[in-house]
Amino acid sequence: MVQFNLPFILFSEIKNKKKNKPANIKKNEYEQIIKAEQLIADNLENPPTIEKLSKLTGINQHKLKTQFKLVFKEPIFSYITQLRMEKAKKLLLENDLTVSEVAYAIGYKNPQHFTAAFKKRFNYLPSSLKQKQVIVPFH
């Protein structure tokens, strides 16, 4: 079994990404994109749809999608998935929850879909993290 170090982690590379305003985005539109990101982060279990984000931020859907990608370097759906996976990792490490409980806590209706997404993101199963069979690097 691989050694495991617990008190570390968990500021993800997502949260550590610098959110510099790209030159081709107006200040008010940049603020709307940041508001959209905050709405996503605050409602990670059930994030708003792009249509709903558009209404809540006052920016049209096309501009929301393109400018979100400029600011965060990935599409909205990918960003949501990464946030969910980072939150799942934190929940698995810091709480006494089962993999299924973590899956439901981050908005997955099917634990198997969560397991597949987690493995795709981190290259190991969430159960191996729960069983302390992997070393999680300190970010």
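Computed from a predicted model, the values in this text were never measured in an experiment. Computation of the quantities below employed the complete heavy-atom set of this structure, encompassing side-chain atoms and omitting hydrogens, waters and symmetry-equivalent molecules.
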**Asked** So F118 and Y124, would you call those rings parallel, tilted or perpendicular, with 30° and 60° as cut-offs?
**Response** perpendicular
**Fill in**
Nearest heavy-atom approach of K87 to L44 is CD-CD2, 3.9 Å
**Complete:** Minimal heavy-atom distance between L56 and K35, with the atoms involved, is O-NZ, 2.9 Å
**Asked** Any idea which heavy atoms bring I76 and I50 closest together, and the distance?
**Response** CD1-CG1, 4.1 Å
**Fill in**
Rounded to the nearest 0.5 angstrom, the OG-CG distance for S78 and L83 is 11.0 Å
**Item:** T81 and R121, any side-chain heavy atoms less than 4.5 Å apart
**Value:** no
**Message:** Rounded to the nearest 0.5 Å, what separates atom CD1 in I59 from atom OG1 in T66?
**Reply:** 7.5 Å
**Donor-acceptor under 3.5 Å (N60 side chain, H62 main chain)** = yes
**Message:** How close do P111 and A103 get, counting heavy atoms only, and between which atoms?
**Reply:** CA-CB, 3.9 Å
**Fill in**
Looking only at heavy atoms, the pair that brings A36 and L64 closest together is CB-CD1, 3.8 Å
**Request:** Kindly compute the distance separating CE (M85) from CD1 (I80), expressed to the nearest 0.5 Å.
**Result:** 11.5 Å
**Asked** Going from CD1 on I25 to CZ on F68, what distance comes out if it is rounded to the nearest 0.5 angstrom?
**Response** 11.0 Å
**Request:** Identify the two heavy atoms, one from I40 and one from P48, that lie closest to each other, and give their separation to 0.1 Å.
**Result:** CA-CD, 4.5 Å
**Message:** Is it true that Q32 and N28 share a donor-acceptor pair across their side chains at a distance under 3.5 Å?
**Reply:** no
**Message:** Nearest 0.5 Å, please: how far is NZ in K69 from NZ in K73?
**Reply:** 11.5 Å
**Item:** No-hydrogen, no-angle side-chain donor-acceptor test under 3.5 Å, Y30 and Q67
**Value:** no
**Single-linkage hydrophobic cluster L39~L70, side-chain heavy atoms < 4.5 angstrom** = yes
**Worked check of side-chain contact (heavy atoms from CB on, under 4.5 Å) between I106 and E45** = CA-CA 5 Å; I106 64 166; E45 303 79 32; 5.7 Å; no
**Request:** Show the numbers, then the answer: is there a side-chain contact (heavy atoms from CB on, under 4.5 Å) between E86 and K90?
**Result:** CA-CA 6 Å; E86 292 295 330; K90 184 174 180 164; over 6 Å; no
**Item:** NZ on K26 to CD1 on I33, rounded to 0.5 Å
**Value:** 13.0 Å
**Hphob cluster co-occupancy, L92 + Y104, side-chain heavy atoms under 4.5 angstrom** = no
**Complete:** Result for side chain to side chain donor-acceptor pair (under 3.5 Å) between Y79 and one of E37, E74, R84 points to E37
